Amino acid sequence: MKTTKQAITQAILGVCILLSASVEAKLPPLTVDSAKAELGKRLFFDTRLSGDDSISCSSCHIPQNGFSHPEALSPAYTGSDGFRNSPSLINTAYKEVWFHDGRIGTNLNDVVRENITEDWLMNMDMRLMQERIKQDPIYVEMFQKAGLGEPSNGGVRKALPEYLKTLTSKNSPYDLNNLSALASQGQALFTGKAGCSQCHTGELFSDGLAHNTGVPENPDIFTDPMRHQSFLAFNMFMGIQDYLALKRDVGAHVQTHKADGSDRGSFITPSLRELTYTAPYMHNGMLSTLDEVVDFYNRGGGQDSNKDQRMKPLSLSKQEQAALVAFLESLSGDPLIGDEYEWLEYDFGYEYTEDWSNAKN
Ligand code: HEC
Ligand code: HEC
């Protein structure tokens, strides 16, 4: 039989285990193969991965902006323009579903392929990419060192995800359990009265599901012909029957295709980490600041017949809104800039192979 003392000791121990478990539950460290990641880093900053050698991954995912882009709608490949906000790539390696509409739910290898080959992103033929990188002796060496053999399309799709694994939150006040009094009050509101954690769950603050919050449309998609053409082409390609008549971004409907259209205008809950670097917000950049985002939720979100039932006016005081913003800010850590994260040496120029038809690599 247990004595009372033993029972108390056990209870205390249990609490300690629970507490330490909750600390460990914060984003777990990822095992990274450094030679592959180093290769991925060079590829990420190399414009030769785009069809006309004009943009690299880092043109739209800028390190200083938390690997997102400061314009509401992303730039795009030469001759077109984007219709979605470029998302942060920090912590993307922890995700299970990618893109604002969740159209890829397999792995980063597929996400990387999509970014390289999609016409409005990098518009690159993977076979051409393979030939280009084979001609660069630095790549030949780096692929060998990474154990990937000759430069290849498959190797690129392994190295880039490995590099993305290095882009994780570092030292945020939240991770260090170092919240200010205001941020702690905000955290209580986040999980309590403001109801944010109904969708922003877990250590990424995302349930990985699509919801409709009623974010207004970005009119530029419909008035700017360059953006509109990429938007139309994308929707046609995704099998949206009425793509020519669309007056809105249908969001997750491209993958769920509900016949009653109740899934139109829903988007994947984004992670809330590193927001201080990644303004503007939402799938179309329609909200510029975190104050605006909190004000948007306080009003119960936007207007939409498909809006999630949980979106209700919150009646938060000005002070409570400031506390929520302080909590959101506490989820951002050190900027991921400098040599560790960026390929700073511009060494992409190389001697072309003279007799390319007899080249060996
Ligand atoms: C022309 C701009 C542009 C370029 C270049 C670009 N991306 Fe993106 N990327 C985007 C946009 C915009 C999205 C979101 C698209 C959507 O949701 O429909 C995105 C989405 C992503 C995502 C999914 C993020 C998430 O959490 O859902 C990853 C990962 C990614 N890009 C990696 C890359 C990599 C790696 C490269 C280089 C091979 C690259 N991107 C090149 C604009 C770009
Ligand atoms: C019903 C689910 C739901 C609830 C409740 C909810 N959110 Fe969201 N949140 C979303 C979705 C979905 C998006 C993306 C919408 C879009 O892109 O159009 C989003 C986007 C955001 C963004 C923008 C992030 C970015 O990178 O663009 C912030 C910040 C945010 N929410 C904070 C909050 C806060 C604070 C609360 C509580 C007051 C809250 N959310 C409540 C589902 C929800």
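All ligand and atom numbering here is 1-based and tracks the order in the structure. If you're wondering where the values come from, they're calculated on a predicted model, not measured in any experiment. Numbers here simply count residues along the sequence, with the first being 1.
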For atom 17 (O) of ligand 1, closest protein heavy-atom neighbour
H100 N, 2.8 Å

Taking atom NZ as the centre, does K158 end up with more than 12 heavy-atom neighbours from other residues, nucleotides or ligands that are less than 6.0 angstrom away?
no

If the cut-off is 4.0 Å to any non-hydrogen atom of G195, which atoms of ligand 2 fall inside it?
5 (C)

With the threshold set at under 4.0 angstrom, would you say S56 reaches ligand 1 through any of its heavy atoms?
yes

Geometric class of the F44/H61 ring pair [parallel <30°, tilted 30-60°, perpendicular >60°]:
tilted

With under 30° as parallel and over 60° as perpendicular, where do the rings of W120 and F234 fit, or are they tilted in between?
perpendicular

Parallel, tilted or perpendicular: which fits the ring planes of Y346 and F348, with parallel below 30° and perpendicular above 60°?
perpendicular

Could you tell me which atoms of ligand 1, counted from 1 in the order shown, lie closer than 4.0 angstrom to a heavy atom of T92?
24 (C), 25 (C), 26 (O), 29 (C)

Would you please indicate yes or no on a ring centroid separation below 6.0 angstrom for F237 and Y243?
no

Given F190, F327, F296, F267, identify the one with the heavy atom nearest to atom 12 (C) of ligand 2.
F267

With salt bridge (Lys or Arg N to Asp or Glu O under 4.0 Å) as the criterion, how do D136 and R48 come out once you've worked through the C-alpha distance, each side chain's angles and the decisive distance to 0.1 Å?
CA-CA 11 Å; D136 179 343; R48 285 172 293 174; 2.8 Å; yes

Checking a contact table here: which protein heavy atom is nearest atom 26 (O) of ligand 1, and how many Å away?
K95 NZ, 2.7 Å

Hey, does R310 come in under 3.5 Å of ligand 2, counting only N/O atoms on both sides?
no

The number of protein N, O or S atoms lying under 2.8 Å from atom 8 (Fe) of ligand 1 is 2

Identify which protein N/O/S atoms are less than 2.8 Å from atom 8 (Fe) of ligand 2.
H200 NE2, Y297 OH

Using the rule that Ile, Leu, Val, Met, Phe, Trp and Tyr join whenever any side-chain heavy atoms are under 4.5 Å apart, tell me whether I268 and F83 fall into a single cluster.
no

Which atoms of ligand 1 have any heavy atom of M122 under 4.0 Å away?
5 (C), 37 (C), 38 (C), 41 (C)

Using a 4.0 Å cutoff against the non-hydrogen atoms of V215, which atoms of ligand 2 qualify?
18 (O)

Determine whether the aromatic ring centres of Y174 and F205 lie less than 6.0 Å apart.
yes

Looking at R103, which atoms of ligand 1 are within less than 4.0 Å of one of its heavy atoms?
16 (C), 18 (O)

Greater than 12 external heavy atoms within 6.0 Å of E141's CD:
no

Nearest-contact summary for atom 15 (C) of ligand 2 - protein heavy atom, Å
M282 SD, 3.6 Å

Contact region, P75 to ligand 1, non-hydrogen atoms below 4.0 Å, reads backbone

For the hydrophobic clusters of this structure (ILVMFWY residues joined by side-chain heavy atoms under 4.5 Å, transitively), does one cluster hold both Y163 and V112?
yes

Mark the output for H69 as yes if a heavy-atom distance to ligand 1 is under 4.0 Å, and as no if none is.
no

Which of the numbered atoms in ligand 2 are below 4.0 angstrom from a heavy atom of Y281?
23 (C), 25 (C), 27 (O)

Looking only at heavy atoms, is any part of H283 under 4.0 Å from ligand 1, and if so is it the side chain, the backbone, or both, or is it neither?
neither

Pick from C60, S230, S59: which one makes a side-chain contact (heavy atoms from CB on, under 4.5 Å) with S74?
C60

Nearest protein heavy atom with distance in Å, relative to atom 27 (O) of ligand 1
F99 N, 2.7 Å

Using a 6.0 Å distance limit plus a 45 degree cone around the ring axis, check whether R42 lies over the aromatic ring of Y139.
yes

Is the closest side-chain donor-acceptor distance between T276 and S332 under 3.5 Å?
yes

If we number the atoms of ligand 1 from 1 as shown, the ones under 4.0 Å from a heavy atom of I116 are 38 (C)

So for L275 against ligand 2, with non-hydrogen atoms under 4.0 Å, the contacting part is side chain

Indicate if L128 and I133 have the same hydrophobic cluster label, given that clusters are the connected sets of ILVMFWY residues with side-chain heavy-atom separations under 4.5 angstrom.
yes

For K145, does the NZ atom have more than 12 heavy-atom neighbours from other residues, nucleotides or ligands under 6.0 Å away?
no

Using a 4.0 Å cutoff against the non-hydrogen atoms of A76, which atoms of ligand 1 qualify?
1 (C)

Would you mind telling me which of L30, V111, L108 makes a side-chain contact (heavy atoms from CB on, under 4.5 Å) with L164?
L108

Hey, which of K258, H211, H253, H257 is the one that makes side chain to side chain donor-acceptor pair (under 3.5 Å) with D263?
H253

Under a 4.0 Å heavy-atom limit, does S59 contact ligand 1 with its side chain, its backbone, both, or neither?
neither

Would you kindly say whether T168 and K170 are connected by a side-chain donor-acceptor distance under 3.5 Å?
yes

Hey, does W120 come in under 3.5 Å of ligand 1, counting only N/O atoms on both sides?
no

Just wondering, are more than 12 heavy atoms of other shown residues or ligands nearer than 6.0 Å to CD in E292?
yes

If you apply the rule salt bridge (Lys or Arg N to Asp or Glu O under 4.0 Å), what do you find for E150 with K134, and how did you get there?
CA-CA 7 Å; E150 273 195 8; K134 268 185 175 179; 3.5 Å; yes

Checking contacts here: is it the side chain or the backbone of L108 that comes within 4.0 Å of ligand 1, counting heavy atoms only? Could be both or neither.
side chain

